[in-house]
Amino acid sequence: MEMSLIQVLDQLNLHLITLHLFLVIGIGSVELAPHNTVHTWVGAADTPNREDMGTFYTAARDPIFYPHHSNIDRMWAIWKKLGQGRRDYSDDEDWLDSTFFFYDENVNLVRVKVRDCLDTKKLGYVYQDVDLPWLNFQPSPTRMSKEQRKAKRAKVLSSKRRKHFPLVLDSIKSVIVKRPRKLRSKLEKENEEEVLVIEGIEFGSDQYIKFDVHVNDDEDELSEPDQTEFVGSFVSLHNGHKSRRISTRFKIGMSKVLENLEADEDDDVVVTLVPKAGKGEVIIGNIVIEFVPKY
């Protein structure tokens, strides 16, 4: 069934919005992990591109695709109820009117807007209330005392030459990132999140990419994911047969991390990037710290 001109323009508008989200705003943390990570774990390592789940063009052939995406939606529903400045975007008309086209059971082309899918009760289901032991999880205390961390940080700052961007992520790379402000008040922290922004992340769409991000950590003895210095992972799935260059950014909330590291007084932080997949295939354009309003 051919699309009308209006349908084509609607799809073009959706692609432009998606491109803006991907290039300007960046990929969301839930999209990167656990969404992309689970896709990769379930994908077959003995196939060229981790088919079925591990690449976009075959993922829906695996039945686990559907409970996986349902669980991602469930996590988003939980996240929206946590408060503390989280938005549900119910006032963003552009997002609410973003349109997708699907074929129904009679092979008719139907238009579905984002606003049609936000209330699960209207779709005929609700999520079961279950215990969430992970919800209030706090990373384990750091391995070093405050004095030891200061001594280690001073050693890193004195030994690391200022690396110039762009960086090719062909090995573990540590860079010193200046903080625009320090010693913020409690009110300032409640109103703004200190965010680490990794800009200009470039790679080929035909590559599986993963790198971990650590703050004020020891390159020779990197922290595990349940420790404070480990702050996140960037994950991108194989995205088609034809390679194209992708450029995006990755944001990580840092306010609580810096509190736990007792680093509120520091002028800089040491950011360590650890390539896990696609070593040498990723270029990093810049790393900065921004303050993002919570409300």
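FYI, side chains are in, hydrogens and waters are out, and symmetry mates aren't considered; it's all heavy atoms of this structure.
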Transitive ILVMFWY side-chain link Val213 to Val257, under 4.5 Å: yes

Check: Tyr125 ring centre within less than 6.0 Å of Tyr127 ring centre: yes

Glu93 atom CD, over 12 foreign heavy atoms within 6.0 Å: yes

CA sep, side-chain torsions, deciding dist, call: Asp212, Ser233, side chain to side chain donor-acceptor pair (under 3.5 Å): CA-CA 4 Å; Asp212 294 337; Ser233 297; 2.6 Å; yes

Linked, directly or transitively: Val42 and Ile209 (ILVMFWY side chains, under 4.5 Å): no

Audit row: Val271, Ser174, side-chain contact (heavy atoms from CB on, under 4.5 Å) steps and yes/no: CA-CA 5 Å; Val271 177; Ser174 291; over 6 Å; no

Atom CD1 of Ile64: over 12 foreign heavy atoms under 6.0 Å: no

Derivation and outcome, side chain to side chain donor-acceptor pair (under 3.5 Å), residues Ser255 and Arg184: CA-CA 10 Å; Ser255 297; Arg184 295 190 298 150; 3.0 Å; yes

Path from Val175 to Phe230 over hydrophobic side-chain contacts below 4.5 Å: no

Lys182/Asp267 ion pair, N-O < 4.0 Å: yes

Full working for salt bridge (Lys or Arg N to Asp or Glu O under 4.0 Å) between Asp170 and Lys279: CA-CA 5 Å; Asp170 52 5; Lys279 186 180 292 186; over 6 Å; no

Residue pairs passing the salt bridge (Lys or Arg N to Asp or Glu O under 4.0 Å) test where at least one lies in residues 117-139, sequence neighbours excluded: none

Lys251 with Glu193: basic N within carboxylate O range, under 4.0 Å: no

Over-ring placement of Lys80 relative to Trp76, 6.0 Å and 45° cut-offs: yes

CA sep, side-chain torsions, deciding dist, call: Val282, Ile201, side-chain contact (heavy atoms from CB on, under 4.5 Å): CA-CA 7 Å; Val282 180; Ile201 305 172; 3.9 Å; yes

Charged N-O contact under 4.0 Å between Asp264 and Lys189: yes

CE on Met53 to NE2 on His68, rounded to 0.5 Å: 5.0 Å

Pair Arg181 + Glu194, salt bridge at N-O below 4.0 Å: no

Same apolar cluster (I L V M F W Y, side chains within < 4.5 Å links), Met254/Phe291: no

